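Worksheet for the structure shown next.
Just so you know, residue 1 is the first one in the sequence shown, and it goes up from there. In listed order, ligands and their atoms are each counted from 1. When reading the values below, keep in mind they use all heavy atoms of this one structure, side chains included, and skip hydrogens, waters and symmetry mates. Predicted model only: the values in this text are computed from it and were never measured.
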Amino acid sequence: MYNNGRKKYCCAYTNCPYKKTESLKATGHKNKETRNYKKPTCKYEGYTGDTYCKDCGTLLSSGKPTKKFDHDWNSGTVTKKATCKEEGSVTYTCENCGETETVSTKKTKHDYREEQHKNATCTENGYSISVCQVCNDKKKEEIVAKGHSKGIRNKTTATCKAEGYTGDTYCRTCKTLLEEGKILPKLEHQWNDGTVTKRATYETAGELTYRCRKCAAKRIISIEKLAYPKVGTSYTISGNEYKVSKPGAEVILVKTSKTTKNVTVPAQIYAQGITYKVTSIGAKAFNNNKNLTKVTIGTNIVEINSNAFFNCKNLKTVTIKSVYLTRKTANKKAFKNAHKKLVIRVPKKVKKIYKKIFKGLKVK
Ligand SMILES: [Zn+2]
Ligand SMILES: [Zn+2]
Ligand SMILES: [Zn+2]
Ligand SMILES: [Zn+2]
Ligand SMILES: [Zn+2]
């Protein structure tokens, strides 16, 4: 029993007013039972049940609701077919309780066919119009212009012979000229170190030819004529020494070998590429040559200096071929102390004059 009990005592003697009351301990609810239990289904919640005392019928504790089970849906049935215009539906049925649930399904895609098309150009958008074969829905899509596709043409590289060109910029797709190119200036020639193609001489200028290393172009620069050897320049030819008296033109015979017997003074000599007229016989050209017996004087001699043949004691024959001697340029002093039998042979046409020039000597 749940509640504590009470026990009353009375005195055993008759008529005694004394009474005594004593408490008794409760025994407790020993037999319990569950009532109102309910199993859950997919439609309703369940209940754990209330606990009661079987002895006294007291409600000891209340139960709790328990969750519904999930429905056991089947695989569903299409109750409405979706089109490109309207959503469809699928209905699912619980295999336990028969409850149904309908779920909508998405519209299908339109079945578009292109009916109009305009290609985009480089600069203008195009479009495409399509119509749904089922619901007639129209759709216009823009085709975006891609812009020009730049290319270069007519490009040429500048060389040292010709101008170049940067090339025109044009569109590879629509061929429109977008920008004209620019002219590139000719390149400078690249000259080599040059070659002497014509040597300068005393008479003519020479040529130095440069060639471009890149093209065949050539550039010719003239080289000045050579300068003739100066007055006083000395040449020794066949043992005889000459000195320049007129650059590039005339020399004087200044010295001869003292051992030669027979000497010919030439009309001209050739030295360093130059032909000189031998025009004069110097003051000490032959003097004191005791071996000298015979001399021939060339056609270009204009002057024979005094003492030229001084003391040539054995000189017997002098042949003068020149016709240019005058009293101012020659006289007998040139043959002072020559052999006593010296004979001077001269050209016929000047014999008369030469006899006067060499008066006192034997002139033939
Ligand atoms: Zn009880
Ligand atoms: Zn169900
Ligand atoms: Zn459609
Ligand atoms: Zn274009
Ligand atoms: Zn060049």
Side-chain angles (χ1 to χ4, degrees), residues 1-8 21-80 87-105 114 116-129 140-156 164-184:
M1 301 300 267
Y2 188 75
N3 294 322
N4 289 332
R6 242 177 285 152
K7 206 172 186 181
K8 286 178 183 175
T21 304
E22 201 177 89
S23 294
L24 294 171
K25 231 182 175 181
T27 56
H29 306 293
K30 280 180 180 161
N31 293 314
K32 293 173 187 172
E33 68 176 357
T34 302
R35 295 180 199 165
N36 305 322
Y37 167 77
K38 217 163 94 188
K39 196 183 170 189
T41 67
C42 50
K43 256 182 153 173
Y44 304 107
E45 289 179 334
Y47 192 65
T48 55
D50 304 316
T51 307
Y52 283 85
C53 177
K54 220 172 173 182
D55 295 328
C56 64
T58 305
L59 173 64
L60 300 175
S61 65
S62 293
K64 285 174 193 167
T66 50
K67 277 183 187 169
K68 279 186 207 172
F69 291 143
D70 287 335
H71 290 292
D72 189 7
W73 300 118
N74 69 359
S75 55
T77 314
V78 176
T79 41
K80 190 182 168 190
E87 291 177 339
S89 61
V90 172
T91 302
Y92 299 91
T93 307
C94 176
E95 283 178 350
N96 289 326
C97 67
E99 187 163 306
T100 60
E101 193 175 286
T102 301
V103 175
S104 65
T105 53
E114 188 178 64
Q116 282 184 61
H117 183 97
K118 191 186 167 207
N119 283 329
T121 66
C122 294
T123 50
E124 273 177 42
N125 291 347
Y127 58 82
S128 162
I129 295 172
K140 185 175 180 178
E141 284 172 320
E142 203 168 36
I143 302 166
V144 178
K146 283 180 216 147
H148 295 295
S149 157
K150 286 181 182 181
I152 302 285
R153 64 183 164 195
N154 305 325
K155 181 181 172 177
T156 54
Y165 190 61
T166 57
D168 300 316
T169 306
Y170 73 103
C171 176
R172 287 196 184 96
T173 314
C174 67
K175 314 296 177 200
T176 304
L177 176 66
L178 303 172
E179 198 187 341
E180 275 189 24
K182 280 175 193 153
I183 288 169
L184 295 167

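In this structure, SG of Cys174 and SG of Cys171 enclose an angle of 110° at the Zn ion (ligand 4), rounded to 10°. The angle subtended at the Zn ion (ligand 2) by SG of Cys42 and SG of Cys97 is 120°, given to the nearest 10°. Atoms SG of Cys53 and SG of Cys56, as seen from the Zn ion (ligand 1), are separated by an angle of 100°, to the nearest 10°.
Of the possible donor and acceptor atoms, one in the side chain of Thr166 sits under 3.5 Å from a partner among the backbone N and O of Lys182. Under the 3.5 Å distance criterion, the side-chain polar atoms of Tyr165 are matched with a main-chain donor or acceptor of Gly181. With hydrogens and angles disregarded, a donor-acceptor distance shorter than 3.5 Å links the side chain of Thr105 to the backbone of Gly88.
When all heavy atoms are compared, the tightest approach of Thr123 to Ala145 is C-CB, 3.6 Å.
Within His71, the N/O/S atom positioned nearest the Zn ion (ligand 2) carries the name ND1. Atom ND1 is the N, O or S atom of His148 at the shortest distance from the Zn ion (ligand 4). Summary: ND1 is the N/O/S atom of His29 found nearest to the Zn ion (ligand 1).
For the residue pair Thr93 and Thr100, no side-chain donor N or O sits within less than 3.5 Å of a side-chain acceptor on the partner.
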